[in-house]
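Predicted, not measured: the structure shown is a model, and the values here were computed from it.
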Protein chains: 2
Amino acid sequence: MPLRAHDLEQIRSLPLFADASDETFGQLTASAFLQRFRAGATLLTEGDPVDFLYILLDGIVELSGTWNDKETTLAVLRPVSTFILAAVILDADALMGAETLEASTILMLPGEALRRAARTDPLFSMAVAQELSGCYRGLVRTIKNQKLRGGAERLANYLLSQQAHQGGRETFTLPHEKRVLAALLGMTPENLSRAFANLSDYGVVVNGPAVTLGRPGLIRRLAKPSPLIDNHMPLDGTVVGKAERELWPTAQLMRARG
Amino acid sequence: MPLRAHDLEQIRSLPLFADASDETFGQLTASAFLQRFRAGATLLTEGDPVDFLYILLDGIVELSGTWNDKETTLAVLRPVSTFILAAVILDADALMGAETLEASTILMLPGEALRRAARTDPLFSMAVAQELSGCYRGLVRTIKNQKLRGGAERLANYLLSQQAHQGGRETFTLPHEKRVLAALLGMTPENLSRAFANLSDYGVVVNGPAVTLGRPGLIRRLAKPSPLIDNHMPLDGTVVGKAERELWPTAQLMRARG
DNA sequence: GCCATAGCTTGACGCATGTCAACGCCGGCC
DNA sequence: GGCCGGCGTTGACATGCGTCAAGCTATGGC
């Protein structure tokens with residue numbers, strides 16, 4: 001699929017490309033193309049050489065890692081997210097697999113063009129460095145979340161952040177199937193059920209995909225959310241400045257499963 | 001402490017600075033300075049604004065994360081390693097604490113100078129992006145190691161990689177106290193003891209800090225080392241090319257503790 | 001309306017790991 | 001020499017989590 005003017009505008013407005021020169025942007029997009037994938041399609045297998053930077057424009061994709069017949073979910077991405085930037089920059093093999101959870105449309109940007117652009121356009125490569133920094137810090141948060149909190153605490157924090165994303169209403173709806181949520185939070189579906197059951201003591205009521213936090217104070221006291229672990233979205237519509245750019249870089253949701 | 005010619009040469013030869021223009025390098029080092037810290041010194045506290053890029057030239061430093069009175073070790077660094085590059089690039093607060101485990105000498109490079117250099121010198125900011133990519137992939141490996149392997153398996157793989165680093169001899173010596181090693185591997189000291197005990201069935205003999213792997217085939221069959229998780233050092237002395245640059249970026253050792 | 005299937009939940013069980021306490025070893029210090 | 005404190009090990013115990021099995025509900029096809 002060729003790119004349309006509308007797509008180009010959308011890409012151009014991403015933090016990663018906003019500062020690039022027109023020339024750089026032109027060279028980058030000249031060799032790029034859009035591709036549509038069905039649900040469950042494998043985009044990348046662990047160990048494969050990575051030839052493209054992927055930019056998820058629509059749909060959902062899961063990043064995973066495997067070893068010895070075990071699999072773990074490293075992240076679940078929603079639009080607009082770039083992924084495997086690090087592998088592209090280093091021209092290295094993929095450390096994670098990628099597959100679509102829903103039908104998705106993805107922009108594919110040849111790696112060689114991206115590396116060439118980064119080597120010549122300092123503002124673009126600075127943007128690349130900022131994007132990578134955001135991803136790195138996302139992983140640091142993930143590890144801290146994973147190692148320092150128990151299952152119920154991870155779930156509680158997830159619910160609080162979801163609530164914030166959806167406008168802070170008392171009742172909101174889970175964006176994924178519970179099986180996917182469990183993987184995201186680093187537990188089995190069975191344990192997610194139990195974790196929800198435990199949280200009922202804290203005013204959490206679950207009705208299918210609908211969740212209501214009946215006692216915000218109580219659940220917050222359990223969750224103890226921290227800006228050093230959880231990425232908080234600004235509640236009002238204020239424009240984010242440079243320092244907050246890392247807040248919502250490429251991958252908003254990052255958790256691991258055992 | 002001012003920088004000496006010898007220090008400058010050493011810095012200049014790091015991958016991060018090797019491609020920078022002389023002008024960039026001069027501007028960067030003009031405002032840099034060396035500092036010596038005693039063992040146990042706190043370099044950075046979680047949440048602090050980060051004003052410098054740190055480059056560990058001698059000694060050992062530990063990176064940690066905390067939440068709710070619990071602490072976890074995110075990495076143990078040895079020379080020559082840079083750290084908190086991502087926070088510097090984004091001019092953001094530190095997500096991890098840093099403290100010296102031994103007396104250390106550290107080069108401190110003002111963040112503003114680094115960001116300015118990255119915005120103007122494309123080859124330097126490309127090197128920054130490559131360094132960050134290596135760090136990012138290191139964290140991905142850490143998470144996979146942590147979530148996919150059990151304690152004994154993590155230890156087995158650590159021993160194999162240590163053995164390789166030390167020339168592949170049957171007997172080698174642990175580079176850290178066992179308490180630090182336990183933190184590195186994401187377990188308690190008690191469990192590290194038990195893990196060592198379990199590995200005796202696989203030909204692993206421990207004598208204080210000396211470890212000998214009596215049955216390499218057996219321990220390898222348990223460890224199942226993978227290039228997608230473990231960073232293998234080249235056994236021979238071949239010069240590493242661009243693709244392998246990520247192999248030994250800033251932080252070689254990254255594990256987390258619960 | 002009936003059945004099949006998938007997603008979710010619940011219970012029972014076992015394993016891995018954290019916690020707490022006691023002990024031995026060793027090195028430093030008085 | 002004797003005391004002391006840090007490190008490492010070992011055991012008993014509790015807990016969190018994964019695994020397996022069964023059942024429950026909703027949805028879709030016939």
Interatomic distance, [X] atom [atom1] to [Y] atom [atom2] [nearest 0.5 angstrom]:
{"X": "B/Leu57", "Y": "B/His6", "atom1": "CG", "atom2": "NE2", "result": "9.0 Å"}
{"X": "A/Thr212", "Y": "A/Gln163", "atom1": "OG1", "atom2": "CD", "result": "9.0 Å"}
{"X": "B/Leu74", "Y": "B/Glu62", "atom1": "CG", "atom2": "CD", "result": "8.5 Å"}
{"X": "A/Arg220", "Y": "A/Leu222", "atom1": "CZ", "atom2": "CG", "result": "12.0 Å"}
{"X": "B/Leu213", "Y": "B/Thr171", "atom1": "CG", "atom2": "OG1", "result": "8.0 Å"}

* For DNA chain D, what string of dots and brackets results from 5' to 3' when Watson-Crick and G-U pairs need both distances under 3.5 Å, crossing pairs get [ ], and pairs with another strand get |? -> ||||||||||||||||||||||||||||||
Spacing of [X] atom [atom1] relative to [N] atom [atom2], expressed in whole Å:
{"X": "A/Leu185", "N": "C/dC8", "atom1": "CG", "atom2": "P", "answer": "13 Å"}
{"X": "A/Asn207", "N": "C/dC8", "atom1": "CG", "atom2": "P", "answer": "14 Å"}
{"X": "B/Leu155", "N": "C/dA16", "atom1": "CG", "atom2": "P", "answer": "15 Å"}
{"X": "A/Asn198", "N": "D/dC17", "atom1": "CG", "atom2": "P", "answer": "10 Å"}
{"X": "B/Glu177", "N": "C/dG27", "atom1": "CD", "atom2": "P", "answer": "14 Å"}
{"X": "A/Lys178", "N": "C/dT10", "atom1": "NZ", "atom2": "P", "answer": "10 Å"}
{"X": "B/Lys147", "N": "C/dT17", "atom1": "NZ", "atom2": "P", "answer": "12 Å"}
{"X": "A/Phe196", "N": "C/dC8", "atom1": "CZ", "atom2": "C1'", "answer": "11 Å"}

* Would you say the side chain of B/Arg78 lies within less than 4.5 Å of the side chain of B/Pro175, judging by non-hydrogen atoms? ->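 They are in side-chain contact.
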* B/Met96 side chain reached by B/Phe83 side chain, heavy atoms, under 4.5 Å ->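 B/Phe83 vs B/Met96: side chains apart.
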Phosphate contact ([N] OP1 or OP2) by [X] side-chain N/O below 4.0 Å:
{"X": "B/Thr188", "N": "C/dG18", "result": "yes"}
{"X": "A/Asn191", "N": "D/dG18", "result": "yes"}
{"X": "A/Lys70", "N": "D/dG18", "result": "no"}

Donor-acceptor pairs under 3.5 angstrom involving side-chain atoms of residues 39-49 of chain A: please list them, not counting sequence neighbours.
unit_1	atom_1	unit_2	atom_2	d
A/Glu46	OE1	A/Thr66	N	2.7
A/Glu46	OE1	A/Thr66	OG1	2.5
A/Glu46	OE2	B/Lys144	NZ	2.5
A/Asp48	OD2	A/Thr45	N	3.4

* To do: Could you tell me which non-hydrogen atom of B/Ile84 sits nearest to which non-hydrogen atom of B/Leu53, and how far apart they are?
  =>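 Where B/Ile84 meets B/Leu53 most closely, the heavy atoms are C-CD1, 4.3 Å.
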* A/Gln162 and A/Phe172: which non-hydrogen atoms are nearest, and at how many Å? ->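 Taking every non-hydrogen atom into account, CB-CE1, 3.7 Å.
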Please list, pair by pair, any protein nitrogen or oxygen found under 3.5 Å from a nitrogen or oxygen in nucleotides 22-28 of chain D.
none

* **Non-neighbouring partners of A/Phe52 that pass ring-ring contact (aromatic ring centres under 6.0 Å, His included), sequence neighbours left out** =>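 Once residues adjacent in sequence are excluded, the partners of A/Phe52 under the ring-ring contact (aromatic ring centres under 6.0 Å, His included) criterion are A/Phe33.
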* To do: Sugar-phosphate means primed atoms, P, OP1 and OP2; the rest is base. With that split, encode nucleotides 11-16 of chain D 5' to 3' as B, S or - using protein heavy atoms under 4.0 Å.
  => BB----
* Set of side chain to side chain contact (heavy atoms under 4.5 Å, CB included) partners for B/Asn191, sequence neighbours left out ->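 With neighbours one apart ignored, the set is B/Met187, B/Thr188, B/Arg194.
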* Asked: Looking at D/dG8, C/dG7, D/dT19, which one has an atom nearest to any side-chain atom of A/Arg179?
  ->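 Shortest atom-to-atom distance from the side chain points to C/dG7.
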